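The structure appears right after this line, and notes come after that.
Predicted model, so just to flag it, every value in this text is computed and none were measured.
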Amino acid sequence: MSSEEKTILVARSSMPNFEEYIEEIREIWDSHWLTNMGVKHKELEKELMKYMDVDNVNLFTNGHLALESAIAALDLKGEVITTPFTFASTTHAIVRNGLTPVFCDINPEDYTIDVNKIEELITDKTCAIVPVHVYGNICDFKEIDRIAKKYNLKVIYDAAHAFAIKINGESVSKLGDASMFSFHATKVFNTIEGGAVILKDKNLKQRLDYLKNFGITGPDTIEYIGGNAKMNEFQAAMGICNLKHLDEEIQKRKVVAEEYNRRLKGIEGIKLSNRRINSTENYAYYPVFFDGFKLTRDEVFEKLKEHNIIARKYFYPLINSHECYKSKFDCGSTPIAEKIADGVITLPLYAGLSLEDANRICDIILED
Ligand code: T4K
């Protein structure tokens, strides 16, 4: 390892100017109101409703609990068809709601759920589909919608990676019965930790509000067995600041992603993810799939590491290969997802990454 080379991690949190954040939290200091749906929480919900042009936004302390609560709010029972090519959170949220995950393979172009394989997995127990807009690649929502209508299924999108994306000018949050976004520190838009749910039926928002606050419905009443998943005021303040700079942040990521494209497109054995649904991009991740390249994925990963560049194998190992699932459920056969998980790496991508560093990363991957 050449220790003089600076370390580059896969992500780096976007942060506002220090003084800007201090100014935003001054009111919290003065009021001593730190959490439980305070003024900053309300303000951020309002700002996000405007940003996404939706009639409801429900904030959470993290994306995982947002997804878990969204599923709970829909009151489901039985089997849920989902993708194994995702972060553990997606499947955990299904299982922690007492539901059975049924794993559907992915398509090899954009790594989202293979809509041609969903129908064969539907049984009389199927109640929902939980697809993932993985890396910000949007699922084939029209086909998912058609299947959901035909079989009377709910659709909850894990849109953790898809914040700010639009299709034909409309926010991606309008798809399905619910969409969950993650606002974790590593995401395009962060509230330190955080997440949000946008519902198709805004009448369910009240239930989600209760579910994230112990199910308390009044001074002396508890009508739901809810947890505690509220976003606090400091998180919301971070979101208010970061939202002001979001478009600029995405633009900076775009410049880096385009440099990677320029260097890596068309190289034998390297496949870049190929979005199939026409949408705007948020440049959340930069996945590279190695298939027949002179080095294996693991060799590329190690080589980068020797130069203090810490890429990540998102998403390896596949969720349905973990013992906690294999020992409990029929994890099915998902050969394409397996192949992608074995060959994929996500390269460092964040707003402050210089083109010089992006080129150094490409040089290391491509050098003989
Ligand atoms: N669904 C999907 C599809 C998801 O990908 C995720 C989360 C969720 C649901 C659940 O959403 P949340 O509950 O997390 O809101 C990271 C993130 O923690 C996680 O949010 C994300 N997906 C997942 C794909 O990646 P790790 O364990 O790989 O993160 P970590 O700590 O290794 O951080 C990665 C890099 O980010 C670090 O090398 C440096 C940088 N970083 C990290 C932190 C914590 C920063 O710059 N600042 C920071 O504060 O999981």
Any salt bridge linking [X] with [Y]? Criterion: basic side-chain nitrogen under 4.0 Å from a carboxylate oxygen.
X      : Y      : value
Asp145 : Lys149 : yes
Asp110 : Arg276 : yes
Glu45  : Lys42  : no
Glu43  : Lys46  : no
Glu281 : Lys254 : no
Asp291 : Lys339 : yes

Between [X] (side chain) and [Y] (backbone), is there a donor-acceptor pair under 3.5 Å?
X      : Y      : answer
Ser321 : Pro317 : no
Glu233 : His41  : yes
Trp29  : Ser31  : no
Asn274 : Glu109 : no

Mind checking whether [X] and [Y] have side chains closer than 4.5 Å, heavy atoms only?
X      : Y      : value
Lys303 : Ile365 : no
Thr90  : His64  : no
Asp330 : Val102 : no

Under 3.5 Å side-chain donor-acceptor pair for [X] and [Y]:
X      : Y      : result
Asn58  : Asp209 : yes
His92  : Tyr325 : yes
Asp177 : Tyr157 : no
Thr61  : Glu193 : no
Lys230 : Asn36  : yes
Asp53  : Ser171 : no
Tyr151 : Glu119 : yes
Glu249 : Ser14  : yes
His184 : Ser182 : no
Thr334 : Asn320 : yes
Asn137 : Thr112 : no
Gln235 : Thr191 : no

Any cation-pi pair here, [X] with [Y], using under 6.0 Å and within 45°?
X      : Y      : value
Arg312 : Phe301 : no
Lys40  : Phe234 : no
Lys271 : Phe290 : no

So how far is it from [X] [atom1] to [Y] [atom2], rounded to the nearest 0.5 Å?
X      : Y      : atom1 : atom2 : answer
Ile309 : Thr7   : CD1   : OG1   : 9.0 Å
His133 : Asn282 : NE2   : CG    : 11.0 Å
Arg360 : Leu355 : CZ    : CG    : 13.5 Å
Phe315 : Ile106 : CZ    : CD1   : 11.0 Å
Leu304 : Ile364 : CG    : CD1   : 6.0 Å
Thr83  : Ile118 : OG1   : CD1   : 10.0 Å

Strictly under 6.0 Å, is that where the ring centroids of Tyr51 and Phe163 end up?
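Yes; Phe163 has its ring centre under 6.0 Å from that of Tyr51.
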Asn359 and Glu259: CA distance, side-chain angles, deciding distance, side chain to side chain donor-acceptor pair (under 3.5 Å) verdict:
CA-CA 8 Å; Asn359 271 294; Glu259 191 63 8; 2.8 Å; yes
So Asp298 and Thr296, side chain to side chain donor-acceptor pair (under 3.5 Å) or not? Walk me through it.
CA-CA 5 Å; Asp298 288 348; Thr296 65; 5.6 Å; no
Considering residues, nucleotides and ligands other than [X], do more than 12 of their heavy atoms fall under 6.0 Å from its [atom1]?
X      : atom1 : result
Glu268 : CD    : no
Arg96  : CZ    : no
Asp30  : CG    : yes
Glu27  : CD    : no
Lys166 : NZ    : no

Say whether Ile240 and Ile192 are linked into one hydrophobic cluster, either directly or through other cluster members, by side-chain heavy-atom distances under 4.5 angstrom.
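Each belongs to a different hydrophobic cluster.
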ILVMFWY cluster, Phe181 and Leu243 together (side-chain gap under 4.5 Å):
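In one cluster with Phe181: Leu243, yes.
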Considering all heavy atoms of both residues, which atom of [X] and which atom of [Y] are nearest to each other, and what is their separation?
X      : Y      : answer
Pro348 : Leu9   : CB-O, 3.4 Å
Ala178 : Val197 : CB-CG1, 4.3 Å
Thr346 : Ala311 : O-CB, 3.4 Å

Measure up the Tyr135 and Phe85 rings against each other and bin them: parallel (under 30°), tilted (30 to 60°), perpendicular (over 60°).
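Aromatic pair Tyr135/Phe85 classed perpendicular.
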As a quick check of understanding, evaluate side chain to side chain donor-acceptor pair (under 3.5 Å) for Asn190 and Ser13, giving each step before the final call.
CA-CA 8 Å; Asn190 84 75; Ser13 300; 4.9 Å; no
Let me see the working for Asp357 and Lys6 under salt bridge (Lys or Arg N to Asp or Glu O under 4.0 Å), right down to the final yes or no.
CA-CA 10 Å; Asp357 284 335; Lys6 73 168 179 201; 2.7 Å; yes
